[in-house]
J.: 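Dropping the structure in here first, questions after.
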Amino acid sequence: MGKRIMIVDDSRVVEMQMKRMLEDTGYEVVSYCQDGETAIAQYGEVLPDLVTMDIIMPGMDGLETARAILEEHPDARIVMVSSLAYDDTIDEAKSIGTKTFIYKPLDKEQLLATLDEVLGGE
Amino acid sequence: MDTVMSEEKLQDVFDQVTREVTEKVAGIRLCEGDASPEEDTCTVHAAFERGFHSSLALCADTAMFTRLTQSMLQEEEVTQQDVEDFTKEYFNVLCGHIASRLFQVTKVASRFEIPAFYNGRYQPEDQKEQFAICYSSDKNEGARLSHFTSDSD
C-alpha cells in the first residue's frame with residue numbers, strides 16, 4: 001500500500017489536481033477535507049502519513065488548523081500549500097512545526113519531490 | 001492600495017503577474033488589448049484584506065474561462081460548475097502571486113478573500129475602478145483586469 005495522504009483545501013480543484021498527479025505513484029489520497037474543522041476531526045481517525053494543508057480557507061485558516069493538529073498529534077507531518085510566499089507566513093508555519101511549503105500553481109515534479117523528501121527513507 | 005508604490009508600478013506588477021500566471025496555469029498567452037470584453041462574459045473577484053484595502057476583478061469572455069478550465073482539467077467536456085471552480089482557483093493563485101510580489105517591494109503582508117465568481121460583469125459596491133488593463137488572448141478572447149479602491153481612499 002502506498003503512503004497515505006490527506007488533502008485539506010477548500011477548493012475541489014486542488015483535490016482533483018493532486019489525485020491526478022499522484023496516480024500511479026507511491027502515494028494514495030485517503031482523505032479530503034474542505035475546511036480546518038473537518039480536518040481536525042478526521043485526522044485522528046485517518047492518521048495519514050502526510051497532510052497537505054491550504055492556508056486560506058473559510059473559517060479556520062491552514063495555520064490555525066495545522067497548529068491544532070500538531071498540538072494533539074506532535075508527530076503529524078504537514079506540508080503547507082499556498083500561492084502566498086511571505087517570509088513571516090513561512091516562519092510562522094515553521095515555528096508551528098510544519099515541514100515545508102509547496103507553492104501554487106501545483107507542479108507534479110515539485111509535489112512528488114516534496115513528498116519524497118518529507119517521507120523519504122520510511 | 002495603501003502602499004508607497006506608484007499607480008504605474010502597481011499596474012506593471014499586476015500586468016506581469018497576470019501574464020505569467022495565466023500562461024503557467026493554463027497555457028493561455030495574453031497580450032495588450034484595446035477593448036473590454038462585451039457580450040458573453042464572466043467575472044471573478046477577490047478583495048484584499050490585511051495590509052491592502054482594495055480588490056481585483058478579472059472580467060473575460062466566457063470562452064476564455066472555459067478554455068482555461070479545459071486546460072487545467074485536461075478535459076474537453078467541462079460543466080458550468082467546473083468553469084466556476086477552476087476559474088476561482090486560477091484567480092486564487094493569481095492573487096497570491098500578486099500579493100507575494102507586492103510584499104517583496106513594500107514589505108506589507110496582505111491576505112485576500114476567497115474569490116467569488118459572477119456571470120456577466122461585476123463591480124463591487126462602494127468601490128471605484130482605479131485602473132484597468134485590457135488583454136486579448138492568443139485566441140482573440142477579451143479580458144479586463146480591474147483594480148478597485150474604496151471611495152474614501
Side-chain angles (χ1 to χ4, degrees), chain A residues 7-24 32-39 52-66 79-95 100-111, chain B residues 17-28 44 46-52 56 65 68-75 77-79 81-117:
Chain A
I7 298 170
V8 185
D9 199 305
D10 61 295
S11 171
R12 73 179 182 105
V13 171
V14 172
E15 182 209 10
M16 292 166 75
Q17 289 179 322
M18 276 201 195
K19 272 188 171 170
R20 175 166 290 166
M21 288 176 185
L22 296 179
E23 271 175 12
D24 302 321
Y32 167 57
C33 304
Q34 283 192 296
D35 58 70
E37 290 84 354
T38 307
T52 65
M53 179 81 70
D54 187 22
I55 290 185
I56 300 174
M57 295 187 290
M60 288 180 80
D61 70 22
L63 292 170
E64 292 175 273
T65 306
V79 172
M80 305 306 292
V81 179
S82 181
S83 56
L84 285 172
Y86 296 150
D87 296 343
D88 60 344
T89 305
I90 294 167
D91 290 346
E92 186 179 351
K94 279 183 186 166
S95 73
T100 189
F101 255 76
I102 295 174
Y103 297 105
K104 291 181 180 178
L106 293 173
D107 172 82
K108 182 175 180 176
E109 286 182 14
Q110 182 202 13
L111 175 65
Chain B
V17 175
T18 300
R19 291 177 195 237
E20 286 172 6
V21 169
T22 306
E23 180 154 13
K24 187 165 187 183
V25 168
I28 294 176
V44 62
F48 285 87
E49 47 191 21
R50 293 196 213 171
F52 302 123
L56 269 184
F65 286 144
L68 180 138
T69 302
Q70 290 168 327
S71 174
M72 290 175 74
L73 189 54
Q74 296 172 23
E75 301 273 355
E77 294 292 320
V78 296
T79 65
Q81 189 62 51
D82 290 334
V83 173
E84 185 170 326
D85 291 344
F86 278 78
T87 301
K88 283 162 63 177
E89 178 59 20
Y90 151 76
F91 203 62
N92 178 49
V93 173
L94 177 61
C95 290
H97 281 245
I98 285 175
S100 300
R101 195 75 61 90
L102 292 177
F103 176 77
Q104 289 171 4
V105 179
T106 65
K107 299 302 172 194
V108 175
S110 63
R111 291 273 182 95
F112 51 90
E113 293 175 349
I114 293 164
F117 184 91

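Below, chains carry the letters A, B, ... as their sequence lines are ordered, and counting in each starts from 1. Keep in mind that the numbers below use all heavy atoms, side chains included, and drop hydrogens, waters and symmetry copies.
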J.: Roughly how far apart are F112(B) CZ and L84(A) CG, rounded to 0.5 Å?
T.: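 These two atoms lie 5.0 Å from each other.
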J.: For E77(B), is the CD atom crowded, meaning more than 12 foreign heavy atoms sit under 6.0 Å from it?
T.: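 Atom CD in E77(B) is not packed in, count stays at 12 or less.
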J.: Which heavy atom in S100(B) sits nearest to a heavy atom in S83(A), and how many Å separate them?
T.: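 It is OG-O, 3.4 Å.
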J.: Rounded to the nearest 0.5 Å, how far does CE of M16(A) lie from CD of E89(B)?
T.: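 Nearest 0.5 Å value for the CD-CE distance: 11.5 Å.
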J.: Given that the side chain runs from C-beta out, which part of Y90(B) has a heavy atom under 4.5 Å from chain A: side chain, backbone, both or neither?
T.: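 For Y90(B), neither part sits under 4.5 Å from chain A.
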J.: Testing L94(B), V93(B), N92(B) for side chain to side chain contact (heavy atoms under 4.5 Å, CB included) with P105(A), which one passes?
T.: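 Only one of L94(B), V93(B), N92(B) forms a side chain to side chain contact (heavy atoms under 4.5 Å, CB included) with P105(A), namely V93(B).
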J.: Please flag which part of D10(A) lies under 4.5 Å from any non-hydrogen atom of chain B: side chain, backbone, both or neither.
T.: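 Only the side chain of D10(A) comes within 4.5 Å of chain B.
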J.: Is it the side chain or the backbone of L106(A) that comes within 4.5 Å of chain B heavy atoms, both, or neither?
T.: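 Answer is neither: L106(A) stays 4.5 Å or more from chain B.
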J.: Please rank K24(B), M72(B), Q74(B), K88(B) by heavy-atom pairs under 4.5 Å with chain A and give me the top one.
T.: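 Top count of heavy-atom pairs under 4.5 Å with chain A: Q74(B).
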